[in-house]
Colleague: 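Okay, handing you the structure first.
Hydrogens, waters and symmetry mates play no part in the numbers below; they use all other heavy atoms, side chains included. Naming: A, B, ... by sequence-line order, numbering from 1 per chain.
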Amino acid sequence: MKKELAKAYDPKGLEDRIYKTWEERKYFHAEVDENRKPFTVVIPPPNVTGILHMGHAFDETVQDILVRWKRMQGYNTLWQPGTDHASISTEVRITNELKEEGIDKHALGREKFLERAWEWKRKYGGTIVSQLKKLGSSCDWDRERFTMDEGCNRAVTEVFVRMHEKGYIYKGSRIINWCPVCNTSLSDAEVEYEEQNGHLWHIRYPFIEEDGSVSTTRFIEFATTRPETMLGDTAVAVNPNDERYRELVGKKLMLPLMNRELPIVADDYVDMEFGTGVVKITPAHDPNDFEVGKRHHLPEINIMNDDATINENGGKFAGMDRYACREQIVRELDELGLLVRVENYTHNVGTHDRCHTTVEPLIKKQWFVRMDELIKPAVRAVKEGEIKLVPAGAEKRYFNWTDNIRDWCISRQLWWGHRIPAWTCEDCGEIIVDRTQPSACPKCKGSHLTQDEDVLDTWFSSALWPFETLGWPDETPDLKYFFPTDVLVTGWDIIFFWVIRMIFSSYEQMGTYPFHTVIFHGLVRDAQGRKMSKSLGNGIDPLEIIDLYGADALRLTLVTGNDMGSDMRFYRERVENSRNFANKIWNASRFIMMNLHENEDWYGAPMPDGLEPADKWILSRFNSTVREVTDNMDRYELGIAVQKVYDFIWEEFCDWYIEMVKPRLYGEHMEESRRAAMWCLTTVLAGSMKLLHPYMPFITEEIFCTLQSAEESIMISDWPVYRDEWNFEKEEKEIDTIQTAVRGIRNVRNAMNVAPSKKVSVIIVSEDKKTLDIFTTGKLFFESLAGASDSRCQTDRTGIDDSAVSVSLPGATLYLPLAELVDVQAEIDRLTKELKRLDAELARSEKMLTNERFLAGAKPEKVEEEREKKRKYEQTHAQVEEQLARLTGKKA
RNA sequence: GGGAGCAUAGCUCAGCUGGGAGAGCGUCCGCCUCACACGCGGGAGGUCACGGGUUCGAGCCCCGUUGCGCCCACCA
């Protein structure tokens, strides 16, 4: 029975049906197979409770394209899926939900809170996964993982213990970024600097005189953006080379409001050029001051509680909010005459990337990863090309980060996450790090051990993702076979959070890189170029787009017309165009299948006899497209690759080839010709669908499966390869000549307003027999495309009326007896314009060919090519001149 | 302050190693031609930001200027 495509293209039912079939047939599933080469990609695990947004859609599409392509090339592909527990962002959301119910997180307690979190995960954890499926993602869902599943937990503990043993992980009192709203420490990467309009307060502190009294005349002046931190000041610093202050070093100042003596110290950190060249030093509340304090053995006075209110060290200000305190202090300093002036000032303020609260630098006891040694192999890997970053510009960013890296604060004062495998002995204070809870303190044998309350930074577990998902720390066959993975696809935004940390974690634990290529892509923005965000409400829901236009159209839109490294604008018109393309190939396919006879299946059949020039032309063009597209994909230029497939299918295959063969399909007594055409139509259509499949998996599958019955799915069929025997240069040139002729005739007819329904005869005149042969062989489709009633070839102008309109081609002239229908003036205008164009081309050609440097320097083929061009221009020029002369003569 | 990038048709953007300015959308003209009006054919529209330079030849290479966002950074 003859299979048929539905009359209208409707992605809705089709996509779900096909995806289900793929899943049932286990096409996505990968098993170790030593006879095949693996190709492995790990998904950047989306937040387990997240929902799909355009950024995911883009990211997943790129990965799926690579995976489907490699699968078709015969690789044993594994696309490892999974989700991330997203410690802080999930915790924040649950806390807020609780708040709405009037429940305080701390009142609820850790146990109950975690129960609630797991409940959340159960409830929403499947959402993102089912949404990824709607996109057509060919992930191996049998292998889905979660960063807090049993295996990942083991991996995290193992890495923590090992790194602790090697001294890479330590607990220490350091100045860290603190979010007073989320109540936790943050890593440097989680701090986002925002430009804010603030003030610069110029303040002065009085000197303490020799006799111990506080001076009322001698002051030292400086500026600050955070006056409240003065409560924790323990010194004032100047540059050691600063002549102005040299003799003041070692002198004492009185800290106003607190009545604390402050030494004046000299430190290189102070910039003499800035302000007065004096800086107040608050070691407990500023990272730089912290360093200065260490160098000068200054006391660290913490004046703040975790919620950013002032603590008991702030004296009478204790209990006040940091900003209220700021105002109060400024007021009091002013009253004391110590406020010199206030200046408006814009500066960058560190904020928490999740909640945008201004972070407070505080000294806290936290767990850190020492980075100096760990980062070295990660730097080397990129420098020596072991890991390739695409686009290459990413390297600068990468090195900028690695060169300035500081120790990574990995402990978080949260509950949702991997609890730190460290215990404190209540009896002797010993800290024990181990894989399991120790029964007794190894030092004092005491048994009162309490586990560290903190959890680990989310990225600590994601950093292990490429190997923990394959079974590590066990030496599984999967790990041996699929690791290292191949390509990582992700956005710029997590290069520091994730990519670099995966690289050094992999080198440390596995001794090798986690992937050989990283592809960074830009952001998906709205039509105005703004970030898509919840607060702006300008986000476009990918699922809504899929519902309206189909996942194929969405995918195509996301990778077309933009290089991946830069941001893209997304709007509906672009998706509509993609959908139109899908509709186009649907209808072209339908047309081809309509013309197949009962039980006729040309897929995979040997090339039949009787291929005509047009057939060889399209085959040859397809062949070149295969090579170019594959080359582009090898370079990860997906947008360029798919554009070539698009152009080939729409323009060459649909607009030209299908129109060319139509007469042969309907005509009588031309069965051999029809069969040749059907073979080509089928072969090129199937091949084109394969080239397109990674980008538009659903529609290509439907067409492929309906077109032929030898193979059960396009996704496991072979990727087309370039074949020498399909290269037909001669026919490409011949068809090019006919195309030029057809365009010329259409052009004339349009310019002169000849009704499309009006068929006219065409006479081709050329002295070159070969040229005439082209038109004789292609007579049938040439006439059909040109809207000609008939065509005749001859070597001279005998029998052609002077009034016939002519079309000049290189090497031939076409005559159309249109005289009575035609506007002579329009024709004169057209020819005049044509002459002008030819003059310009000739001038350019002339200039190049008389240029000695060009003749000597350029490639010989280029020179020959240019000579050939010039000859053609000259020929055409003469023809046009002649026609024009005739017309104007006649007119006169 | 440092870094990398972008400025090409009305709009959104392609344009690989220098040698005939492109696509989609929009617009204009003509077509419901038996696969497709989500279509077909044809057209208009660009001193490729500006100023220099290298070159026989530059959208593409070099220098500078302007404009725009981006990343990083402790300038109190």
Colleague: Does rC40(B) have OP1 or OP2 under 4.0 Å away from a side-chain N or O of Lys584(A)?
Modeller: yes
Colleague: Taking the minimum atom-to-atom distance to the side chain of Val279(A), which one of rA73(B), rA35(B), rA76(B) wins?
Modeller: rA76(B)
Colleague: Give a yes-or-no answer on whether the side chains of Asn577(A) and Arg574(A) include a donor-acceptor pair shorter than 3.5 Å.
Modeller: no
Colleague: Look at the side-chain N and O atoms of Arg569(A) and state whether any lies under 4.0 Å from the OP1 or OP2 oxygen of rC13(B).
Modeller: yes
Colleague: Give none if rC40(B) has no partner; otherwise give the nucleotide forming a Watson-Crick or G-U wobble pair with it, both distances under 3.5 Å.
Modeller: rG30(B)
Colleague: What is the ring orientation for Tyr657(A) with Phe653(A), classed by angle as parallel under 30°, tilted 30 to 60°, or perpendicular over 60°?
Modeller: parallel
Colleague: Using only side-chain N and O atoms of Tyr345(A), determine if any of them is under 4.0 Å from OP1 or OP2 of rA76(B).
Modeller: yes
Colleague: Taking RNA chain B as the partner, which of residues 401-409 of chain A come within under 4.0 angstrom of it by heavy atom?
Modeller: none
Colleague: Is any side-chain N or O of Ser566(A) closer than 4.0 Å to OP1 or OP2 of rA14(B)?
Modeller: yes
Colleague: If every non-hydrogen atom of Met54(A) is compared with every non-hydrogen atom of Ile540(A), which pair is closest and at what distance?
Modeller: CE-O, 3.6 Å
Colleague: Does Trp650(A) make a side-chain N or O approach to OP1 or OP2 of rC38(B) shorter than 4.0 Å?
Modeller: no
Colleague: So, OP1 or OP2 of rA4(B): does either fall under 4.0 Å of a side-chain N or O from Tyr398(A)?
Modeller: no
Colleague: rC36(B) phosphate, OP1 or OP2: any side-chain N/O from Asn580(A) under 4.0 angstrom?
Modeller: no
Colleague: Does rG43(B) have its OP1 or OP2 closer than 4.0 Å to a side-chain nitrogen or oxygen of Asn747(A)?
Modeller: yes
Colleague: Check the phosphate of rC25(B) against Asn577(A), side-chain N and O only, distance under 4.0 Å to OP1 or OP2. Yes or no?
Modeller: yes
Colleague: Do the side-chain N and O atoms of Glu360(A) and His285(A) include a donor-acceptor pair separated by under 3.5 angstrom?
Modeller: no
